[in-house]
Every structure is written in structure tokens, then in C-alpha cells.
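Starting from 1, each residue takes its place in the sequence as its number. Since we're looking at a predicted model, the values are computed, not measured.
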Amino acid sequence: AAIGYIIMALPFVSQQLKPQHRGLVCQHGYNWFRCFRFISVLQELHIASSFLFEALRWTSAFRWAYSTIPAVWVGGLLLGLADSALVTWDYDPEWNCKPETIDWLTVVVLAVCGVVSFVAYVVVLYQSTKYSPGSAQRVQRRRAAVYPVNFIATYGLVLVV
């Protein structure tokens with residue numbers, strides 16, 4: 001999912017096309033882009049919640065989370081389709097592809113997933129300092145720090161724009 005997200009986000013994908021085809025890429029190709037983006041952000045949320053369940057030693061919730069991996073993909077596809085129905089993208093020679101209106105579904109989903117993931121990582125950090133030996137704390141701190149940085153680097157600009 002992340003590879004599709006990255007490929008569709010590259011500006012040269014639409015720049016290499018003939019002008020008459022760029023509108024088609026914006027209108028139809030970006031529908032796939034949105035699906036990949038939602039799958040990716042839901043995977044991030046799934047990782048954060050699994051990490052939280054593991055830190056809290058909620059084995060039944062962790063097993064449940066493991067069984068819901070296919071639902072992450074289906075949910076991302078459904079959110080992408082809903083977003084495609086709500087917001088149309090068009091080609092603008094100055095801006096490349098841009099939405100005709102504010103993409104509120106994306107903003108809300110990214111913000112909610114980001115906040116929930118961040119809270120999960122804060123709880124994981126707290127749990128790791130409370131109950132784990134020093135060597136395990138370092139590993140858990142490193143893991144808990146990398147995911148929020150990745151989320152901010154990947155989706156921060158999407159939320160700002």
C-alpha cells in the first residue's frame with residue numbers, strides 16, 4: 001500500500017503525460033492514490049494499537065488485532081471509494097492535481113488515526129519505563145519513537161495543506 005501511495009504522490013507521474021491525459025490521471029488515478037493512503041494510515045493505526053495491546057499484555061485484544069489485518073485493507077478501500085465519491089480531483093496546469101473542495105474525510109481520518117496512534121505510543125513508553133528492565137526499555141523506546149516520526153513525516157504535510 002505504501003508503495004502505491006508513494007508512486008501516485010510523485011509529481012513526475014502526471015508531468016510525463018500528454019496534457020489531455022493529465023486530467024484522466026487526476027480524476028481516476030488519484031482514486032487509487034486515496035485508497036493506498038487510507039490503507040497506509042489504517043495500517044499505522046493497527047500497528048500502534050497492536051503495540052499498545054502488547055505493552056499492556058492484553059493477549060486477547062492482541063489476538064483480535066492480528067485477526068483484523070484484512071479488515072484494515074477493506075476499510076482503506078472503502079474509505080478511498082467514499083472519498084472518491086465525495087471529492088473530485090482535477091488537473092490545474094499551475095498546481096498539477098488538486099481537489100475541487102476541501103477533502104474533509106482525509107483530514108478527519110488522518111487526524112484521528114494520528115492522535116490515537118500518538119496516545120498509544122505515549123502509553124507504551126509509560127508502560128516500558130514502569131515494568132521493563134533497562135535493555136527492554138531501550139528497545140521499546142526506540143520502536144515507540146520511530147512510528148510517530150514516520151507518521152508525521154508521511155502525513156504531516158497532507159494535514160497542513
Side-chain angles (χ1 to χ4, degrees), residues 1-15 22-56 58 60-92 94-127 140-161:
I3 291 172
Y5 175 73
I6 291 168
I7 289 172
M8 290 303 297
L10 296 174
F12 71 83
V13 171
S14 63
Q15 290 296 327
R22 292 178 186 169
L24 291 173
V25 169
C26 288
Q27 292 170 354
H28 302 294
Y30 268 61
N31 291 340
W32 287 107
F33 168 77
R34 291 185 265 199
C35 290
F36 291 136
R37 180 177 51 207
F38 283 120
I39 291 169
S40 184
V41 75
L42 290 177
Q43 285 175 337
E44 174 68 32
L45 178 63
H46 193 272
I47 290 168
S49 60
S50 297
F51 198 22
L52 176 66
F53 298 152
E54 180 184 13
L56 295 175
W58 292 352
S60 59
F62 186 75
R63 281 193 302 273
W64 173 82
Y66 181 77
S67 69
T68 62
I69 292 172
V72 169
W73 284 80
V74 172
L77 288 172
L78 292 175
L79 283 169
L81 292 172
D83 196 41
S84 297
L86 294 172
V87 180
T88 304
W89 285 61
D90 267 331
Y91 179 73
D92 179 354
E94 291 183 30
W95 293 94
N96 290 324
C97 294
K98 69 174 193 172
E100 291 182 348
T101 61
I102 296 175
D103 190 352
W104 286 111
L105 181 61
T106 297
V107 171
V108 169
V109 170
L110 290 180
V112 168
C113 288
V115 168
V116 171
S117 295
F118 182 77
V119 168
Y121 293 130
V122 168
V123 172
V124 168
L125 285 173
Y126 173 75
Q127 285 295 109
Q140 289 179 345
R141 270 191 234 125
R142 194 173 331 121
R143 279 180 25 187
V146 169
Y147 287 116
V149 169
N150 177 43
F151 184 88
I152 291 167
T154 307
Y155 302 110
L157 289 176
V158 174
L159 287 171
V160 171
V161 173

- Note on the structure: CG (Leu42) and CD1 (Ile69) are apart, to the nearest 0.5 Å, by 13.0 Å
- Task: Grab the two heavy atoms, one from Val123 and one from Leu52, that are nearest each other, plus how far apart they are.
- Result: CG1-CD1, 3.3 Å
- Message: If I take atom CZ from residue Phe62 and atom OG from residue Ser49, how far apart are they, to the nearest 0.5 angstrom?
- Response: 9.5 Å
- Task: Kindly write out the residues that satisfy salt bridge (charged side-chain N to carboxylate O under 4.0 Å, His left out) with Asp83, not counting sequence neighbours, or none if the list is empty.
- Result: Arg34, Arg37
- By side-chain contact (heavy atoms from CB on, under 4.5 Å), which residues pair with Ala61, not counting sequence neighbours? Phe53, Trp58
- Taking side chain to side chain donor-acceptor pair (under 3.5 Å) as the test, write out the residues that go with Ser84, two or more places apart. Asn31
- Task: Report the distance from atom CZ of Phe51 to atom CG of Leu56, rounding to the nearest 0.5 Å.
- Result: 11.0 Å
- Message: Side chains of Leu86 and Trp104, heavy atoms from C-beta outward: is any pair under 4.5 Å?
- Response: no
- Item | Sequence neighbours excluded - side chain to side chain donor-acceptor pair (under 3.5 Å) pairs with any residue from residues 110-124 | Glu44-Tyr121
- On a heavy-atom basis, the closest approach of Leu79 and Leu105 is O-CD2, 3.7 Å
- Item | With sequence neighbours excluded, residues passing side-chain contact (heavy atoms from CB on, under 4.5 Å) with Leu77 | Cys35, Ile39
- Note on the structure: For Val116, the side-chain contact (heavy atoms from CB on, under 4.5 Å) test, sequence neighbours excluded, returns Leu45, Val112
